[in-house]
Structure formats: structure tokens, C-alpha cells
Amino acid sequence: MLRYYSYYNVGGFKDMFLGDSTMSAKSTFFTPLLAVWKRKASEGDTSVLVKIEAVENLPKINLITNDSSYGFPEQAVTLVTHAGYKVNLSSLSTGECIFSIRDIDSNDCDESGRAIPFLLLVVGTTDTDRIVLEKLAAYTVSHLDEISNKFAKLFSYNPQYNAIEFSLQTINKLIEDISTQNSNSFRTLTKTVVVDCKKKDIALFAIPQGLDKAVAIREQNVKGKSINFVVLSDVLPFDNPERMERMLAQYQQQRESSLSKRKFYLLIASIITVATILCFFLEC
Amino acid sequence: MEILGKLKDAISKKIADVPTIKATMLGPRAVGKTSIMASIFSDARDQIAGTSLYFHPLGETGTTLINKKRQLMDVIEKKKSCDDKPNTGAIEASNAVAPFEFEMGILRREKSVNIVITDYPGEYLTSQSKVVSDFIAESHIVMVAIDTPYLMEEGGRYNEEKNEVKKVISFFTEHSEAIKNKMILLVPLKCELYFHEKRIDDVTSRVNEVYADLKVFCEKNNIACVVTPIQTLGGVEFDKFVDCNVAYSNLTKLSTYSFYGENPKYLPMFCVQPLYYLLTYVANFYEWNKTQDVGIWGKIKGSLLSMLKDDDEFLHEIKKLSAKAETDNFGYSILVNNTILNIK
Amino acid sequence: MESDLKVLMMGGRRCGKTSALASLFCEARRGQLKTVFDFNNVTPPQCKQEQDGRMHEIDSLENKRRELERAIRDGGNGVFLVDAGITKNYWDYVLRLTVPGTNKKYDIQFRDCAGEVFEKNVPTDLVDYIKKCDVFIIVVDTPFLMEEQDVENECANRYEEISDFLRYMDRGGKPIQVLFVPVKCEKWVKDEKIDEVCNAVEKYHGNTIRTLLASPNVEVSIIPIETAGDVIFEEFRMPYVLLDRADDNKIIGKCSKDDADDTVVIMGNGMPHKKKENEYEYEDITAVFTGTDIVRKSTWFSLRHKPKAQYAPHNCEQLVTHILRFMFNKRYKEFGFLDHLRAIFGGGVTMDDMQNALQEIKKLNLIKNKGEGIRILKSCFLSEDVLTKPVYQEKNKSDSENK
């Protein structure tokens, strides 16, 4: 079973349990106004009864609180509260496997037109889930734009209920498609990287270019764990052919320039060697 | 590695050795124990702020009590219904035994004591009696919450089904070893109506009458017993009983409440008193213990006693604070004194 | 590098912490304080990870300041809404003080927390920061303090949680400064009711203040500031958003209803807007206090000198000057005479430099101890004499007096 969580901003960032893959509901809903309407109804305001009736029985997005964690693993808290990564796949001592991606720009904007970022976290409990999440992680780093757009579209505002809707059906389908059509590996400029939870505690720790690994380790408090680090700018973006082409061309150029440099140094070294030998013979 | 292991052991031992004052709270189901704790906490914080001491909630106790307090404020200010609801059973029972943890110490000093108050719902006295008596054995005092309207109204006809006086007394009698030499605080809650109508002494007399057997038991076992009525909410008072028509509830009646005054406010009163009594008892127990052979008592409370012994300043401060314990006013009454509490 | 002084901004969500900080940085770098120290924002670039995998620098404080300026510029004729801003976890900013003409520097680290942090248990790394922290700036949203009911006021300003967070403050007895800073209080200054605001701060933060007053080595002050200047609180209104159903339910903006005409709404910039065919207003789902059934009403403002209102923060420099004085006292208490040795090896700003700076501040009348609502509830600073005499003489004198 896959369980979905998010750190999402609706009147402030909130830790949300979005639902799980076994639920039959197509969507779940976050309805903060329901409590307000119920209160008004208890105070005798009958105008809200229609609204209450409409949303009361909807499958809900629940807030994670001290009293109810909705299965959110305690060991995964740092993935939500701290930065230092873009995509992460970790195994926990409880046997659970966690996929997490942060700073996805949502479709919602604030008043200044800035996109509000959010975080999505998927917890897998079985061996099958682990394999699915390995593939999801590998696909995500090599299709970052595509996946981010798709994840952003999972959330929408539903004016009928005046609620935030999360499409469970879409995420289930998306993950299923990725896991049936892809492998648990991806390409960087120089090698193929395999995402394997059995080999590393953190099977994937993707960081942006310019972020120091030591900072990332400190931020996530994972010193002493075996980590498969990947710098995102090295990963070939299969969803962005233009950028991939640019990266490859740049890489080619770098290689060529280092090759010609190497040739030049070789030439100098040869000249020096010949000169030394000549001097030696002349001395003799 | 061995050194590391030893270090770890030493650290965990140190943590386990934080001097701790323990209290057990017993009370009927759905009497609103989190509300009582929120009111105790809120009132205690008000009263202690400004002295040389601090009183802080630990861990999740803070969030739970702050949220509860806000909810209570909202209920009263906006005049929402706060009538009794029939008990729903399983849900509340599952998280019923949640200890409330606090820390107390001198401002800007590291050393402190923890205060742990654990509440057990009424049915634990029969279903988990060993668990409760074991905790009482480690506690300094036992508080018994009493739903006052049930005690007072309609001649106390519904008192037994709510407050289960007989069950409480027989539990104490059966576990007299655990509670010997300690203190029982009888805490009548929701006393607003009786304070407003200046009938609070009637509440004390009624407690005296209903808990007469407990008094006898206490006298036999060197247990102090004190009545400390409190106003849990302030801005509401008992209105009337209504029929409880819910099959799964064993109550015949539910109580309803009305708002007090034009502009009702959340204003708990006297709620710090149980805490003062707890501190009084701890301080007096320390003095008493000095005159005793160190038997099992010394072992159980070793770290607390040695802290009080080493820390005159803290002992002095808690004595100062405990001097504020009411003894003969606002319905406060010492039913039984013992050699430890020894309040004259 | 470890900073010399650590400051923590505290306060409920959207109460104005970042605006206060933006104005503080802005005021430190301009105005008369410039003659005392060079102030520079040397915050390491705060980077946002973009999806191309690169990091992009952002300056959220500058953004915030611009946002305020824009709100005032675009304020139109009516009442408008300052209600923007996203915050995440915490952001650290560093204000560097340099003695003019030298490279002697002193770094003050400001940590600005997302208001959400104050809605749950204290995160462990914030506990570590609080333990090391020297100055706590507790920002209070004045409209909620003065005009709302107790529960809304509690939910917005988080008095209990702040009191709870402060329990982690250093227990070793080092000097600590706590500044209570009511913001958005232009209206009360204008109405000459700023003392009422301070009384209310003392009432609602009562437990915290009484505890701090009883704590040794803690300086406690109330310093009301005007972060924008010409922006005057008008009223609370029920929060709505205007949606365009024809355009995929796009949010056009926040608004309030017009009591007289239900075909019109008042948009965030204060202008009335005639609703078009596909436009509908909805209750704002973002305006509910987390985990409660309480609506957070939106705060509406008007401009004082319309149409020529200006971004004119007032008294924000007082935060800087009060912190500077505290810095001096802290250094004096902690190092005293030894500071000279420390300065030789450390090369940073010395106590003499600070003393000179304070004398200059005093000469220019830049520090206010009372008036305009400013109250020093408890000082742990030295007598005025110390500010004007060479430090080591004073120290020797007090030592011999002690003997």
C-alpha cells in the first residue's frame, strides 16, 4: 500500500495525509470551512446546512497532528521540515520506504503572482512498493519538469465544494504507469545510476548544483548512512530534449577541450624527453 | 565502543534520574479531565509567573493543553454549547491514560524537577487495578475528581452512577499499602454555580458526608485527605439535568450548562490549589523523611529527596509557593490530617 | 562563520515578522545610523532550487520591502489589504556592522521563522538555536491585539506558544534581551493611543513578561514600530476570493463584500469591482486558523496622506539602537577588561568601538528610552556614565568598589 502525504499551503503550510492507494475514492478533499459552517449551524444559522450536506461525506484530506499521525513515519519528519535535497528515496528501520520531492511549484499563486511551493511524500510498506518507489525515483530525476507539472496538477481548487481536491486516481495511475514502463535506473553524463534500496540506506539523494554535500547531510541529519548522491545538473533530462542536447554538446566540448589539452601536454612531454635524450647523448 | 556504551548508560541513567514528583488523578469518565488539566496549567502559569520559579509543560503536554484552553475560551466567549455529551466509549478510552508532564525549577537555572500527573478513568479501577495501584505506589498524592452537580443536585440521586464513590473507596481499601502515608485530594469540579451562590461550604459538607467511609480509611492508614473545590471554566454554571437517552451510556442524566454574566469569559479559579497541595506535601514529606529510617520510601524517591537536600533554594521556593495553599476558606477543608502533611 | 549575536524573530503567522525585519535592515542601512557603523546585509545567498537543477538567488527581505512599497503606491483611493507573502520553515539573515574606515566587523544573525513553526511542538534544531540566542524579538499584530476577540487574538499572536518556546532560553545566566514589538500600529499612534497598545501587550503577554522580569540578567522592553508609515488599520472584514468560472476557476484576487450592493466587491487594492457574468465570490478557504473552526478575518488598511502616501517606516531604527546597546552591555558583562586582549587576537569590533558608537548614538539622540510607546520594563544595562567613560577605568573602579 502506498500512502500519500504533502506539506501544502492552504492558509499556511500544513502537514496533510492525502489518502492511500487502497482507497476507492477518486479524490480526497481538504475542507477547512466545514468546521466553520458546522459551528454556524450549531448557532442556528440554517443557510449553511446545504453546504454542510454537500461536503460532509466527502473523503477527506486529514491534517497530521500530535494526536493523529495517519501512519506518517516519525523518522521521516526531517524530510518535511528540512531542505538539502530535491528528490529523496530512503529506507527506514521500520522497513518502510519513502519517496519525497520538495519545492514543486503548485498551480496556486499568492497575491504577488508567485507560485506557492509544496512537498509530496509517498510511503511504501511492502517489497513491491519498494520496487515501485525505486522506479518512481529514477523516473522523477530524469523527468523532473514533467513529473513536477503532473504532481502540481494533482491538487486543484474545487469551487463546487469550496475545497482543495487531491486526485488519488491520477496519482495511482501515474505511479502504476511509471512502474510498469520504466526501470529503476537513470543516466547521468558519465554513467548509469541504479536506484536500489537494498544497497544504500538512502537509495537516491538528488541535490541541486551548487549545494555542498556536507550541508545536505547536515540538513537532513543523515551522517553515517550509506548514500547514493546525485547532482541534478548531471542527470540527463529525458523530458527536455533541448536541454539534454545542450548538456551533451557542452559535455562533448569539455571532453574535446580536455582531449586537446591532453594532446598538447603529451607533445610538450615528448619534446622534453627527446631533448633530454639528445642532451644525454651530446654529453656522452 | 565499551566507553561509548558506558557513556550511553550513564546518560540514560541521568535522564531516568530526573527528580520526579508524581500524582495520580482518578475520576469519572467524561468529566473533562483534559479541561481540568488545561485549567490547572493555565491558572498555575498565571500564579507562578513573577515568582522565582518557572512551570512549563513538557513534550506534547504543551500543545494539547494550549489547544484545549483555546477551545474552552472559544466555547465560552462565543457562547457555544458546552453541555455534557453521552460517552462514545472506545475512542476516549484508548487515549485516556495520557500522562501530563511539566517541569518546575528556578528561573534561568538548569536543574529542575519533573511533575507527572497521570489520569485514569473510573473503569480502570476494576479492569486495570494493578496498573493504577502501581502508579499510586510511585505517586506522592492522589487526586479524585468529583463532578459536583451530580454530587449536589436532586439530592445527589445521580451521584453514585457518575462519581462511583463506593468503587473508589473500595479500591483504596483493597490497595491500602500503595496509598499509606500519602495524601488524597478530593477535587469537586465545575463548582461555579455554588461559588456564585455562596454555597461552596455546602459542597464541602456534602463531600464530608458522602466520603465519610474514606475519612475513616484515611485515619487508619495515616493518609491526609483534603477537599479542594475548583472553578474549571469560570464563565458557565450548571443549569439542569436532562435525560440521557443513549443506549450505550450507563448514565440516567446529563448535565447542561448556562453562561454566567453578560460577557462570559474563560476564567478558571483556584485551579492552582491542587498543585500547591502537591508541593506542600512534597516539602513536608521531605522534612518528615529526615526523621525516618530510609526504607522503601527513600529508595523510591531518592533522586527527588536528594535534590531537595542539596538545593536549599529550590526547597525554600516551593515552601514559599506552597504557603499559598488555602486551608480554611472558599470551601477548602482538611478532612484528615496526617503526620506528614501536618497542617495546623 | 559563527555570528557574534543571535536574534530570533517570533510571532504568529502573518503577524508581520518579515516586514519588521525588512524595515529593520532598511533603516539600519540608511539614515543617521550610517555615521555610527557601516551596516551591510551579508546574508549568504538564499537559494531556491529550480527545476533545471540550478540554484537561484533570492532576497526575500528585499522582496518584502518592495511588496510593502508597491502596496502603498498602488493603494488607490480606498481601503486596501496588505495580505501577501509566503514563508517557509526559517530563513537566516546576517547584518554586518563594520567600524567605518576599518575592517573590524561584528555579525548579527537574525532567524526569521515561518509562523507555522509556532503552531506545533518546538522543532529540535530551533530548540538549539533558542538555547544559544541572545535577543528575542516578539512581534505582535496590533489590529488583532486591539480590535479582535480574545480567541482570535490568541490564534493570531500565539501568546501561549511563544511563552512555551521561551522556556528553552539559555539557563546559564548570560545576558538576554527580549523586545516586544507591536507592529501595524500606525492607527493607534495617530489616535494617540499607543500607550493602550503597550498596556495590552503587557496584559496578553503578561505571563511571559512577569516571568522575564523575575529572571536575572534579562532586559525587557516594548518598542512599537511602524513598518510602513502611512498605512492605517481600518477594519476587519470577512474574507472572500473572487473567481472567474469561465477561466478554469482562476482566482482573480482577494476581496470583501460591498454591504450596499451585492453586484460589487471591493478588491484587495481598495477599488470597487463590478462583478462580470462569470465572476463569483467565495468564502476564502485559506482564512481559517489551523485546526480550529475560527475564521481569520482579513485586515484592511487605508492610506494616511492619500494620494501621496509614502513608504515611511518609523522607529524601526530603535530596534537596531536598542540591540546595539544590549550588545555593548553583554560584551562588558561577559568579557570586561579582557575584551582588549580578545580584540588584539580576534580583530573584531572592540568594546571601545561599541562605546564610541553608543556615545555617537546618544549625541545624535538616536536612542529613545521612552515616549511613542517605548517602554523599558527592565534594563540590564549600565549607567549612563559607563557609556561616556573609558571602559577599563570603569571596570577597575567597580572592581575596587567591590573589594
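Looking at C:L243, the atoms closer than 4.5 Å to chain A (heavy atoms on both sides) all sit in the side chain, from C-beta outward. Residue A:D15 touches chain C through its side chain alone, counting heavy-atom pairs closer than 4.5 Å. For A:A206, no part lies near chain C; criterion is any non-hydrogen pair under 4.5 Å. At a 4.5 Å heavy-atom cutoff, the contact between A:K40 and chain C is made by side-chain atoms alone.
One finds a salt bridge joining C:D141 and C:K184 here, because a Lys/Arg side-chain nitrogen approaches an Asp/Glu carboxylate oxygen to under 4.0 Å.
In terms of non-hydrogen atom pairs under 4.5 Å with chain C, the most contact-rich of A:N162, A:L63, A:V10 is A:N162.
Taking A:S90 as the reference, A:N88 meet the side-chain hydrogen bond (donor to acceptor under 3.5 Å, both in side chains) condition, with sequence neighbours excluded. Under the rule for a ring pair (Phe, Tyr, Trp, His ring centres under 6.0 Å), A:F238 has no partner lying at least two apart in sequence or in another chain.
Judged purely by distance below 3.5 Å, without hydrogens or angles, the side chains of C:Y280 and C:D244 never pair a donor atom with an acceptor atom.
With ring centers used as reference points, A:F155 lies under 6.0 Å from A:Y8.
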